[in-house]
Amino acid sequence: MIKAVKGTRDLLPPSTEVWNKVEAVAREVFRTYNYHEIRTPILEETQLFARGVGADTDIVTKEMYTFTDRDETSVTLRPENTASVIRAYIEHRLDQRPGVQKLYYMGPMFRRERPQKGRYRQFFQIGAEAIGSESPVVDAEVIEMVMEVLERAGLGGAKLLINSVGDHNCRPQYVEKLREELKDAAPQMCGDCQRRAETNPLRVLDCKVEADQPIIEKLPTIIDYLCDPCRAHFEAVKQYLGDRGIEYEVRPRMVRGLDYYMRTTFEVVHGALGAQNSVLGGGRYDGLAESLGSKVHSPGIGFSIGEDRLVMSVEGEQRATPLDLCVAPLGEAAVRHGAVMARDFRRAGVSVELVEGKLKRVMELANKLGARFTLIIGDNEMAAGRYALKDMTTGDQQSLTRDEIAARLAAARS
RNA sequence: GUGGGCGUAGCUCAGCUUGGUAGAGCGCCGGAUUGUGGUUCCGGUGGCCGAGGGUUCGAAUCCCUCCGCCCACCCCA
């Protein structure tokens, strides 16, 4: 028995209706902010992620699906999409196009982690990138937009967390300071933290071990060490969010896992997601283009929604997709007659299922399919040009002409 | 990579402690006479009990190994 590979899954109806709805909502919101879709390959040269995401990150060191192609180049199934979008931006000289480039995407990403609730090896992201501006106005607009998507997708009770992680100017100084403090503090902390103090000091900040919290609270935060330009940027972002009435919480200890982030970072969390409670993450990446070899400075900011997680927290009771009409032809001649009628109704936008068989069986099936109406076509009906249309909710049945039926169906759909 | 929980019918699960070669509900299919669904009643389909090995006269049940799924750590979407 062949099964879906570990960490991947089949999305079946009616759940796929929810996915489509979420995607449709996102596209509609993106449209109103003048974002346009970009589709990049799922397969990229491994170098792209090593340089873009960061050679020392968990993603690159142990989570990528990498293999050697037949021409000996190393290729990787994309673990995220920002690096690809920037690659495409550089490759196609989108910096030469007028204005800020506002791009969105949706599709599968791959990371070889141990699966658990809300975490899959193939997962789907809906994301957007605004490239070509350093303005905090853009930061606020991007955040506003993604919050709009969440709200219109039906997600309630989500919490927006923001932070600034500084830039190449102030962050190294902060990390240095943190390292210093940790020399004294780390020995009293959990084993993981002692290890992290060496490898990645920033990670100590979001340790969840209860006993470590008092110590962590005394450690300096990046916010206190921001250089003036970074501080001004962060203050502006907060002000613009305030102008829009967007509620947020500053989390000075929030750390992001990708190296390219600088200045603004943000995240939205939601309960009922299990331990993986983050629905989306994003931030500014002003140096990413350069680290991918671009000669033009291309500052940008973007986010990525975990679509699996969004669907999970939005998904309520799923009712089967409604069917407008079930056609029940009685006999061979009626099947031919009914098939033509079905085509005409479909052309008018009505969803139609044509079912052969004994009337009783067809009626039972129509009921199970949730058909709004059933159209019975027998010899009498064909001779008279009037057909029996049964309203499955009320049980009423009327003898109507084609045009009358079309009108009834149209009326019921509106 | 490391823990913990769980694998019995399409689905949700009982049976396992105290071994005697499988059950319920739902679903699916059919019937309750002619071209009418939902409710009810009757009948039926359906399982190498995750896989392999061991103990035993006999294993879904006890023991070992493996595999799979889930949850958590880690990390992140």
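Lettering follows sequence order; numbering is per chain, from 1.
In this structure, the CE atom of M363(A) is 15 Å from the C1' atom of U39(B), given to the nearest Å. Computed from coordinates, the R372(A) CZ to G38(B) C1' distance equals 15 Å when rounded to whole Å. Going from atom CG of L325(A) over to atom C1' of G37(B) covers 15 Å, rounded to whole Å. As a whole-Å value, the separation of L389(A) CG from G37(B) C1' is 14 Å. Rounded to a whole Å, the CG atom of D58(A) is 13 Å from the C1' atom of C73(B). Remark: P of G37(B) and CD1 of I376(A) are 10 Å apart, rounded to the nearest angstrom. If you take CG of D391(A) and P of G38(B), they are 16 Å apart, rounded to a whole angstrom. Following rounding to the nearest Å, E113(A) (CD) and G1(B) (C1') show an atom-to-atom distance of 12 Å.
The separation of A77(B) from U61(B), taken at their C1' atoms, amounts to 43 Å, rounded to a whole angstrom. C73(B) and U12(B) are spaced 30 Å apart, taking the C1' atom of each and rounding to whole Å. Separating the C1' atom of A24(B) from that of U65(B) is a span of 33 Å, rounded to the nearest Å. Between A22(B) and G38(B), the distance separating the two P atoms is 36 Å to the nearest Å. Of the C1' atoms belonging to U40(B) and G23(B), the separation is 25 Å, rounded to the nearest Å. Look at the C1' atom in both G46(B) and G27(B): the space between them is 11 Å, to the nearest Å. Nucleotides G43(B) and C48(B) are separated by 28 Å at their C1' atoms, to the nearest Å. A distance of about 16 Å separates the P atoms of C69(B) and G50(B), rounded to the whole Å.
Residues K390(A) and D396(A) fail the side-chain proximity criterion, which asks for heavy atoms closer than 4.5 Å. Counting only heavy atoms from C-beta outward, the side chains of S278(A) and V268(A) never approach each other to under 4.5 Å. Taking the side chain as every heavy atom from C-beta outward, F110(A) and I42(A) approach each other to under 4.5 Å. Proximity of L150(A) to M147(A): side-chain heavy atoms (C-beta onward) are separated by under 4.5 Å at one or more points. Residues Q122(A) and L77(A) have side chains not in contact (no heavy-atom distance under 4.5 Å, counting atoms from C-beta outward). Between Q125(A) and I305(A), every side-chain heavy-atom pair lies at or beyond the 4.5 Å cut-off. A 4.5 Å side-chain heavy-atom check between E247(A) and K159(A) finds every atom pair outside the cut-off. Looking only at side-chain heavy atoms (C-beta outward), Q397(A) and D391(A) stay at 4.5 Å or farther from each other.
Nucleotide A60(B): unpaired (no Watson-Crick or G-U wobble partner with both distances less than 3.5 Å). For G68(B), the paired base is C6(B) (Watson-Crick or G-U wobble, both distances below 3.5 Å). Across all strands shown, the partner of G44(B) is C28(B), judged by Watson-Crick or G-U wobble contacts whose two distances both fall under 3.5 Å. Pairing for U55(B) is absent, judged as Watson-Crick or G-U wobble with the two contacts each under 3.5 Å. Judged by Watson-Crick or G-U wobble contacts below 3.5 Å, the nucleotide G37(B) has no partner. Using N1 to N3 plus N6-O4 or O6-N4 for Watson-Crick, or N1-O2 and O6-N3 for G-U wobble, each under 3.5 Å, G1(B) pairs with C73(B).
No engagement by D308(A) is indicated, since no non-hydrogen atom pair under 4.0 Å with the nucleic acid exists. Among the heavy atoms of the strands, none lies under 4.0 Å from T394(A). At the heavy-atom level, L310(A) lies nowhere under 4.0 Å from the strands shown. Looking at heavy-atom distances under 4.0 Å, V279(A) makes contact with sugar-phosphate atoms alone, never a base.
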Under the side chain to side chain contact (heavy atoms under 4.5 Å, CB included) rule, what do L325(A) and S351(A) come out as? Steps first, then yes or no, please. CA-CA 6 Å; L325(A) 178 69; S351(A) 62; over 6 Å; no

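No cation-pi contact links R111(A) to F123(A), judged by a cut-off of 6.0 Å to the six-membered ring centre and 45° from its axis.
In this structure, Y35(A) and F30(A) have tilted ring planes: the angle between them lies in the 30° to 60° band.
Across all their heavy atoms, S298(A) and E290(A) have their closest contact at N-OE1, 4.2 Å.
Partners of D95(A) according to the side-chain contact (heavy atoms from CB on, under 4.5 Å) rule, which considers only residues two or more places apart in sequence or in another chain, are Y89(A), R93(A), V296(A).
Here R31(A) pairs with E28(A) in a salt bridge; the nearest charged N to carboxylate O distance falls below 4.0 Å.
Proximity of a side-chain donor or acceptor of R231(A) to a complementary backbone N or O of I223(A) within less than 3.5 Å is detected. Side-chain atoms of R263(A) do not come within 3.5 Å of backbone N or O of H233(A) as any donor-acceptor pair.
Pairs of residues two or more places apart, or lying in two chains, that qualify as ring-ring contact (aromatic ring centres under 6.0 Å, His included) and include a residue from residues 342-394 of chain A are H337(A)-Y387(A).
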Any N/O pairs under 3.5 Å between the protein and nucleotides 8-12 of chain B? List them or say none.
none

Below 3.5 Å is the cut-off: list the nitrogen or oxygen pairs between protein and nucleotides 28-32 of chain B, distance only.
{"residue": "C29(B)", "atom": "OP2", "partner": "K368(A)", "partner atom": "NZ", "Å": "3.2"}
{"residue": "G31(B)", "atom": "OP1", "partner": "K358(A)", "partner atom": "NZ", "Å": "3.0"}

Distances for protein N or O near nucleotides 66-71 of chain B N or O, under 3.5 Å:
{"residue": "G68(B)", "atom": "O2'", "partner": "K3(A)", "partner atom": "NZ", "Å": "3.0"}
{"residue": "C69(B)", "atom": "OP2", "partner": "K6(A)", "partner atom": "NZ", "Å": "2.8"}
{"residue": "C71(B)", "atom": "OP2", "partner": "K117(A)", "partner atom": "N", "Å": "2.8"}

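Between I305(A) and Q276(A), the one whose closest nucleotide on RNA chain B sits nearer the 5' end is Q276(A). Both R121(A) and K62(A) lie close to RNA chain B; mapped to their nearest nucleotides by heavy-atom distance, the more 5′-ward contact belongs to K62(A).
Side-chain proximity of R119(A) to the nucleotides C74(B), G37(B), U36(B) is greatest for C74(B). For F123(A), the side-chain atoms get nearest to A77(B) when compared with the rest of A77(B), C75(B), U36(B).
If you check distances only, the side chain of N367(A) never reaches the base of G38(B) with a donor-acceptor pair under 3.5 Å. The base of G35(B) is paired with the side chain of E381(A) by a donor and an acceptor separated by under 3.5 Å.
RNA chain B lies under 4.0 Å from at least one heavy atom of each of the following residues of residues 395-405 of chain A: G395(A), Q397(A).
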